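Before any comments, here is the structure.
Since the model is a prediction, treat every value here as computed from it, not as a measurement.
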Amino acid sequence: MAITVGMVSLGCAKNRVDGEMMMATLKNEGFCLVNDTALADVAIVNTCGFIDDAKQESIDEILELAKLKQEGQIRAIVVTGCMAERYREEIRKELPEADAVVGIGANTEIADIIRQTLEGQNPESFPPKNRLPLYGERVHSTPSYFSYIKVAEGCDSRCAYCAIPMIRGRYRSRPMESIVEEARGLAADGTKELILIAQDTSRYGEDLYGRLMLPALLDQLCEIDGLRWIRLLYCYPDYITDELLDTMARQEKVVKYIDLPLQHVSGRMLKSMYRGGDRQSITALLHKIREKVPGITLRTTLITGFPGETEEDFTELSEFVKEIRFHRMGCFAYSREEGTAAAKMPNQIDEEVKLHRRDLLMEQQMRIMEEQCQKEIGETIMVLTEGFDRYAECWFGRSEQDAPEIDGKVFFFAKDQKPYPGQFARVKITNFIECDLIGEVEELL
């Protein structure tokens with residue numbers, strides 16, 4: 001019988017795409033893929049190593065699988081992904097339950113790694129990071145109606161708090177024709193929403209073509225039949241150009257939504273983070289985005305408690321959030337990451353202070369979002385159906401304002417109609433609960 005393999009992929013969507021490519025390699029090599037790692041001969045943990053919480057989640061998953069291995073339910077555990085790349089020696093020393101540890105440059109070797117593991121070896125492989133393929137065949141783990149597509153790998157920004165350049169290497173764009181070809185295949189297989197991802201999506205093409213090529217890429221993707229929504233995640237503010245905004249406004253398929261991780265707004269903090277700008281320049285950029293792309297949903301992420309952050313810095317950030325009124329926002333307490341410039345900085349902030357500031361910002365954002373939801377009542381919006389909630393006894397999906405796995409939902413009633421996952425519906429909003437909209441179907445499309 002064929003060897004069965006299951007994978008748990010943790011962290012960001014970029015890591016998920018890497019995992020999907022590994023699973024395709026295994027399928028082509030004759031392994032049998034299963035969705036439940038508890039039912040597999042070999043369990044792969046595709047780890048995240050970005051911040052402490054993500055690393056702990058990866059460790060907990062490995063330890064849970066180790067219990068199953070002790071009980072004889074699974075035969076081997078293979079650790080891949082960012083934490084494996086970053087902490088290879090620590091994993092070997094502190095997590096002997098792992099039978100193999102594989103860096104990101106060895107993802108294409110995953111079949112041989114598993115074979116060696118089942119032969120009783122404890123293989124390790126850490127070739128250069130740039131051997132990680134930018135694209136290739138994938139076994140998709142998302143519902144058929146939406147797909148992530150990675151347009152680049154790595155990062156050159158070297159922000160003081162971030163370990164991604166150490167883990168993932170230099171920025172590498174993939175050829176435009178490969179992205180368009182993959183997108184055509186995804187659309188033919190039923191993808192309605194295509195989500196562009198990279199460590200910095202807005203910088204796409206600069207290294208490969210000598211100029212920013214995201215607008216040109218969007219124009220080509222919009223010509224593909226079957227695609228209805230094209231969404232941008234992980235856009236760096238320094239590369240938001242007038243050409244990009246004009247393209248977003250002009251192309252109907254490009255969702256009027258942009259994810260713009262700002263991290264902070266105090267000029268002093270941004271300089272300490274090795275990022276550019278200040279409150280004035282960032283505010284001007286956000287106003288320009290809203291002017292050029294009317295109705296756009298602005299999403300950001302912020303960091304509280306970066307080394308040296310004073311009460312004045314935090315107050316400025318809080319006032320900025322009140323002023324801008326983001327539609328969507330996430331906030332992280334600063335995580336002191338080994339090997340980064342910020343880890344060595346003086347004036348590290350107490351953990352309780354970092355968390356308290358984070359909670360204050362998120363409470364403030366929740367009030368803003370509730371006010372925005374109130375204004376939506378009576379409006380009719382387009383919703384991509386995702387499924388039926390048997391507890392609430394209604395359907396649910398996402399609007400243009402909601403990216404999968406990070407934003408909210410729209411719950412709606414369809415009376416005698418039965419929309420299917422992946423079907424678009426026009427929904428009239430009647431209420432909201434905890435920042436999720438509630439409505440009734442006006443029309444199924």
Side-chain angles (χ1 to χ4, degrees), residues 13-14 16-17 20-21 24 134-152 173-198 201-202 204-205 208-209 212-235 243-259 293-297 380-387 395 397-405 410 414 417-427 441-445:
K14 299 178 286 291
R16 177 197 284 262
V17 171
E20 292 174 342
M21 291 171 65
L134 291 174
Y135 55 95
E137 187 179 349
R138 294 158 57 187
V139 172
H140 291 275
S141 58
T142 56
S144 61
Y145 52 84
F146 84 86
S147 300
Y148 296 105
I149 191 164
K150 189 158 63 168
V151 302
S173 298
R174 56 183 282 198
M176 188 180 298
E177 57 268 23
S178 75
I179 300 172
V180 175
E181 181 182 3
E182 182 178 0
R184 285 198 186 103
L186 292 170
D189 288 339
T191 292
K192 306 288 183 62
E193 179 182 15
L194 189 69
I195 305 169
L196 275 57
I197 55 174
T201 305
S202 50
Y204 170 72
L208 198 58
Y209 301 105
L212 301 176
M213 292 292 284
L214 185 56
L217 174 61
L218 290 174
D219 281 336
Q220 289 204 32
L221 293 174
C222 286
E223 295 177 4
I224 298 174
D225 292 336
L227 294 181
R228 291 282 298 273
W229 285 355
I230 300 172
R231 188 182 300 273
L232 301 178
L233 296 185
Y234 314 119
C235 294
E243 183 185 10
L244 174 59
L245 297 175
D246 291 341
T247 301
M248 293 184 70
R250 173 171 47 83
Q251 291 286 11
E252 291 185 4
K253 290 186 179 182
V254 178
V255 173
K256 306 308 179 269
Y257 173 109
I258 192 165
D259 171 44
V293 191
I296 192 169
T297 296
T380 297
I381 63 174
M382 192 71 70
V383 174
L384 177 59
T385 304
E386 293 188 304
W395 301 88
R398 291 181 290 106
S399 71
E400 290 194 20
Q401 299 181 64
D402 302 302
E405 303 171 325
V410 179
Q417 304 176 86
K418 289 188 177 181
Y420 55 83
Q423 184 175 21
F424 284 89
R426 289 171 53 82
V427 176
V441 165
E442 288 190 340
E443 181 184 10
L444 294 177
L445 304 175

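- Looking at Gln423, its side chain never comes within 3.5 Å of a backbone N or O of Leu384 through a donor-acceptor pair.
- Cation-pi check for Arg16 over Tyr148 is not met; the charged atom does not lie both under 6.0 angstrom from the ring centroid and within 45 degrees of its normal.
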**Prompt:** Between Gln251 and Asp219, is a side chain to side chain contact (heavy atoms under 4.5 Å, CB included) present by the stated rule, with each step listed?
**Reply:** CA-CA 7 Å; Gln251 291 286 11; Asp219 281 336; 2.8 Å; yes
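- Within 6.0 Å of CD on Glu181 lie no more than 12 heavy atoms contributed by other residues, nucleotides or ligands.
- Nearest heavy atoms, Asp402 versus Val410: OD2-CG2, 4.3 Å.
- Judged by distance alone, with hydrogens and angles left aside, the side-chain atoms of Lys256 form a donor-acceptor pair with the main-chain N or O of Val254 at under 3.5 Å.
- The pair Asp259-Arg231 does not count as a salt bridge, with every side-chain nitrogen at least 4.0 angstrom from each carboxylate oxygen.
- Residues Leu445 and Arg426 have side chains in contact (heavy-atom distance under 4.5 Å, counting atoms from C-beta outward).
- Not a single side chain to side chain donor-acceptor pair (under 3.5 Å) links Asp189 to another residue, sequence neighbours left out.
- Minimum interatomic distance between Tyr257 and Gln401 (heavy atoms only, all atoms of both residues): CE1-O, 3.3 Å.
- Counting heavy atoms from C-beta outward, Tyr420 and Tyr145 have side chains that stay 4.5 Å or more apart.
- For the pair Glu223/Val180, no side-chain contact is recorded, criterion being any heavy-atom separation below 4.5 Å from C-beta on.
- For the residue pair Ser141 and Glu20, a side-chain donor N or O sits within less than 3.5 Å of a side-chain acceptor on the partner.
- Around CD of Glu405, the count of heavy atoms belonging to other residues, nucleotides or ligands within 6.0 Å exceeds 12.
- Residues Thr142 and Thr191 are not in side-chain contact: their nearest non-hydrogen atoms beyond the backbone lie 4.5 Å or more apart.
- For Tyr234, there are no side chain to side chain donor-acceptor pair (under 3.5 Å) partners two or more places apart in sequence or in a different chain.
- Looking at Tyr204, its side chain does come within 3.5 Å of a backbone N or O of Arg174 through a donor-acceptor pair.
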**Message:** Between Glu386 and Arg398, is the salt bridge (charged side-chain N to carboxylate O under 4.0 Å, His left out) condition met? List the steps.
**Reply:** CA-CA 7 Å; Glu386 293 188 304; Arg398 291 181 290 106; 2.9 Å; yes
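- Using a 4.5 Å heavy-atom cutoff, the side chains of Leu214 and Leu232 are in contact.
- Looking at heavy atoms from C-beta onward, Leu244 lies out of side-chain contact with Leu212 at the 4.5 angstrom threshold.
- For Ser173, the side chain to side chain donor-acceptor pair (under 3.5 Å) partners two or more places apart in sequence, or in a different chain, are Asp207.
- With hydrogens and angles disregarded, a donor-acceptor distance shorter than 3.5 Å links the side chain of Lys253 to the backbone of Leu227.
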